[in-house]
Amino acid sequence: MLKQNLQQKLLQKLSPQQIQFIKLLQVPTVSLDTRIKEELEENPALEDLSLTNLNEPEEQYPDRDPDEDTYNGDEEKGEMDEFNIEDYLQEDNINDYGSRYDQNGDDEDERKEIPIAVQSSFFESLQMQLDLLPLSDKDFRIGKQIIGSLDDDGYLRRPIMSLTDDLAFSQNVMAEDEEVEDMLKVIQGFDPAGVGARSLQECLLIQLRKKDPNDPIIAKAIIVVEQYLDEFTRKHYDKLEKSLNMGSDELRAVINEILKLNPKPGDSNELNTKQMQVIPDFHITNNDGTLILTLNSKNAPELRVSRSYQEMFQHYDKAAQKDKKLKEAVQFVKQKLDSAKWFIDAIKQRQQTLLKTMNAIMQYQYEFFLTGDDKNLKPMILKDIADRINMDISTVSRVANSKYVQTEFGTFLLKSFFSEAIQTESGEEVSNKEVKKILEEHIGKEDKRHPLADEKLTDILKDAGYNIARRTVAKYREQMNIPVARLRREL
C-alpha cells in the first residue's frame, strides 16, 4: 500500500561566490599571481589595470593596514545580493577597489625579487663528465641512459635488467647486463662521490674507497660499513668495540669519518632541491612597542570589469529587445560580467578575511610578536580566533594552514602559533610550545655519552612545575624530530 507524506528538510548549499572565496582563501601569496592569470585568461570581461594601462605611470600597492579595511559579516556567510546589471554599467571607479592605502608598508626596494644565480644542475654536471670520457658510441648511450635513470638524490633504484630493456626498446641499443654494470661503475667514479649507488651502504663505500686506503681509520670505517652497518645505525657501540677490538677513542674516530660522508650526493646541488619559495603574506613591525600589521602588496591586484564588455552588454541588451537571436549573446556577456564581478568581490573579501584573522592572532599573541620568545606564546586554538572575529573555525583553519607572517624574529607559518594548553602546578595555563622549548633546551645541554631518557625528561618537567605524562613527553619529542635517547648517544 502506497503512502504519501510531506517532509520538510533544511539544506545548506554554497553559492558560486562562496565557493570562489573558499578556494581563493586557501591560495598562498606565492600562487595568487598564477590564479589571477588563469582567471584573466578564462574571462575576457576581467581586466588587470597593471597590464591594460601600460602607458600610464606604474602605481604600486603599498601594504594594507587592517584598521583601514572594513569587513561585513554577511560576506563571510556568502549572503550576497543578486547582482544588478547597473553595477556593470557605472563609470569606472578605480578607487572603489584599487585605491591606494597609506604608506605603512615596506620600502619598494624590499619588494623586489632576488635573482637566482645561473649554475649547472646535478644531471648536467654528470653529463658534462660523461662527455669528457673517450667512450664508444654504445658505451656513451649506456652511460647517458644510466644518468637519466638516477633519482634526484643521486641513487640508481632501477634494476640493471630494466635499464638493459630500456636501451633495447627506446634506444635500439642491444647491451648485456654486464656492459651496463661496467658503465655504472664508471659513473660511480664521477663527482659528487657516491653518485650512482644502489643503496646507502654502496653510497658510503664508494665515498670511503675514494679516500686513502692506507689510513687505518679509513680501512676500519670500510669494515664497519661493509659488515656492521646495522649496528652502526642503531648505535650499538659496545658491540662494535668488541667485534672490531677497538678502544672508544679509535671507534670515535671511525664513526666521525663515516659521519662526514654524504648519504644523498644528488642533493648537494641546491638547484636540485625542490622547494617552493616562501613569500610572507603579512609583515609585522615593531614601532616603539606598538605592533603594525600590513598585508603583502601582492594580495591587492588592480582588477576591474572590462569597459568594452560593459559597452557590448549595453549594445546587445538594447538590440535583444527587438531581435531574439541576440539573446544568447546577451546571456554569454552577462555571465562573463557576473563572473568578473564575483572574482573581484572574492579577491576583496579574501584581503579583508586575511587581515581580520591575522590581526586577531597578532592581538592574541602580542607579547610573542614583541619579544620573539616562545615562552610568551599563549595557548591558542582555532576556536579562540574564530570567536574573536565571528567567523567559522574552517575559515580560520584555511588561513592558518597556508599563510606566512614575516617578523623581525623570522618568518612563521600561522599554524605554528596555535597550541594546546597545559596546566602547571600553580593552576596557570601555558602553551605546549613552552614545554617543547624547555625539552629542547635540556636535550641540547645533555651529556651525549649519557643522553636523557624520556622518563628523566618527565621528572625534569615535573620539577619545573609541568605535570605531564611520559607518553606526552615522547609525543612532543617526536613532533620536534628528536630521536630517542639511545640514538642520541655519542662516544
Side-chain angles (χ1 to χ4, degrees), residues 21 24-33 35-36 48-50 58-72 75-76 94-114 277-303 344-372 376-377 380 385 388-389 391 395-396 398-418:
F21 167 67
L24 280 172
L25 191 60
Q26 296 176 141
V27 176
T29 299
V30 68
S31 306
L32 186 61
D33 278 346
R35 177 65 187 89
I36 291 172
D48 184 348
L49 289 181
S50 64
E58 186 178 353
E59 214 175 349
Q60 294 291 330
Y61 264 94
D63 285 337
R64 303 280 177 140
D65 193 301
D67 295 335
E68 294 183 291
D69 270 304
T70 57
Y71 184 84
N72 185 348
E75 288 184 354
E76 163 63 18
I94 296 174
N95 288 329
D96 181 51
Y97 174 67
S99 58
R100 276 186 169 271
Y101 281 68
D102 290 343
Q103 297 287 346
N104 288 331
D106 297 337
D107 294 335
E108 182 181 346
D109 292 341
E110 296 180 8
R111 301 292 182 191
K112 294 179 180 177
E113 300 293 336
I114 300 173
Q277 183 185 8
V278 173
I279 296 179
D281 302 81
F282 310 95
H283 298 80
I284 292 180
T285 54
N286 186 345
N287 185 11
D288 293 331
T290 301
L291 297 178
I292 298 174
L293 169 66
T294 50
L295 180 65
N296 190 314
S297 60
K298 292 181 181 290
N299 288 287
E302 298 179 85
L303 302 176
I344 291 172
D345 286 346
I347 288 285
K348 189 172 183 181
Q349 188 180 354
R350 177 183 182 273
Q351 292 173 245
Q352 295 169 343
T353 304
L354 289 180
L355 281 167
K356 195 166 187 177
T357 304
M358 185 62 232
N359 192 46
I361 293 173
M362 183 183 75
Q363 297 299 331
Y364 203 100
Q365 302 289 6
Y366 210 85
E367 285 301 313
F368 169 79
F369 289 114
L370 280 175
T371 63
N376 288 330
L377 272 176
M380 181 178 74
I385 300 302
R388 280 196 171 203
I389 61 178
M391 289 186 184
T395 301
V396 178
R398 287 186 175 94
V399 174
N401 283 332
S402 58
K403 306 298 182 295
Y404 289 83
V405 59
Q406 181 177 312
T407 72
E408 58 185 274
F409 313 108
T411 301
F412 303 93
L413 183 65
L414 298 195
K415 180 178 162 184
S416 66
F417 300 121
F418 292 86

Visitor: Does the side chain of Leu295 come within less than 4.5 Å of Phe282's, by heavy atoms?
Guide: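 A side-chain contact under 4.5 Å exists here.
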Visitor: When you compare the side chain of Ile347 with that of Leu32, does any pair of heavy atoms fall below 4.5 Å?
Guide: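 Touching, per the 4.5 Å side-chain cut-off.
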Visitor: Without swapping roles, check the side chain of Asp281 against the backbone of Tyr404 for a donor-acceptor pair under 3.5 Å.
Guide: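 Checking the backbone N and O of Tyr404 against the side chain of Asp281, a donor-acceptor pair under 3.5 Å is found.
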Visitor: With rounding to the nearest 0.5 angstrom, report the CD1 to CD distance, Ile385 to Gln365.
Guide: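 Rounded to the nearest 0.5 Å, the CD1-CD separation comes out at 7.5 Å.
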Visitor: Less than 4.5 Å apart, side chain to side chain, heavy atoms only: is that true for Thr285 and Leu291?
Guide: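 A side-chain contact under 4.5 Å is absent here.
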Visitor: Let me confirm one number: the CZ-CG distance from Phe418 to Leu377, rounded to the nearest 0.5 Å.
Guide: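 Rounded to the nearest 0.5 Å, the CZ-CG separation comes to 11.0 Å.
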Visitor: Hey, what do you get for CG (Leu354) to CD (Gln349), rounding to the nearest 0.5 Å?
Guide: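 The distance works out to 10.5 Å.
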Visitor: Sort out for me which residue in Ile389, Val396, Thr395 forms a side chain to side chain contact (heavy atoms under 4.5 Å, CB included) with Thr353.
Guide: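 Result: among Ile389, Val396, Thr395, Thr395 is the only option passing the side chain to side chain contact (heavy atoms under 4.5 Å, CB included) with Thr353.
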Visitor: Give me the one residue out of Met362, His283, Met358 that meets side chain to side chain contact (heavy atoms under 4.5 Å, CB included) with Val405.
Guide: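 The side chain to side chain contact (heavy atoms under 4.5 Å, CB included) with Val405 is passed solely by Met358 among Met362, His283, Met358.
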Visitor: Minimum heavy-atom separation for Leu293 to Leu355, with atom names?
Guide: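 Smallest interatomic distance, heavy atoms only, reads CD2-O, 4.1 Å.
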Visitor: Do the ring centers of Phe412 and Phe369 come within less than 6.0 Å of each other?
Guide: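 When the ring centroids of Phe412 and Phe369 are compared, they turn out to be at least 6.0 Å apart.
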Visitor: What's the separation between atom CD1 in Ile279 and atom NZ in Lys403, rounded to the nearest 0.5 Å?
Guide: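 Answer rounded to 0.5 Å: 13.0 Å.
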Visitor: Please report whether the ring centroid of Tyr364 lies less than 6.0 Å from that of Phe417.
Guide: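 So the answer is no for these two rings.
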Visitor: Write down the atom of Ala360, the atom of Arg388, and the distance for their closest heavy-atom approach.
Guide: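 Taking every non-hydrogen atom into account, O-NH1, 4.1 Å.
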Visitor: Applying side-chain contact (heavy atoms from CB on, under 4.5 Å) to Met380 and Ile361, what does each step give before you reach the verdict?
Guide: CA-CA 9 Å; Met380 181 178 74; Ile361 293 173; 4.1 Å; yes
Visitor: Could you walk me through whether Leu413 and Asn401 pass side-chain contact (heavy atoms from CB on, under 4.5 Å), step by step?
Guide: CA-CA 7 Å; Leu413 183 65; Asn401 283 332; over 6 Å; no
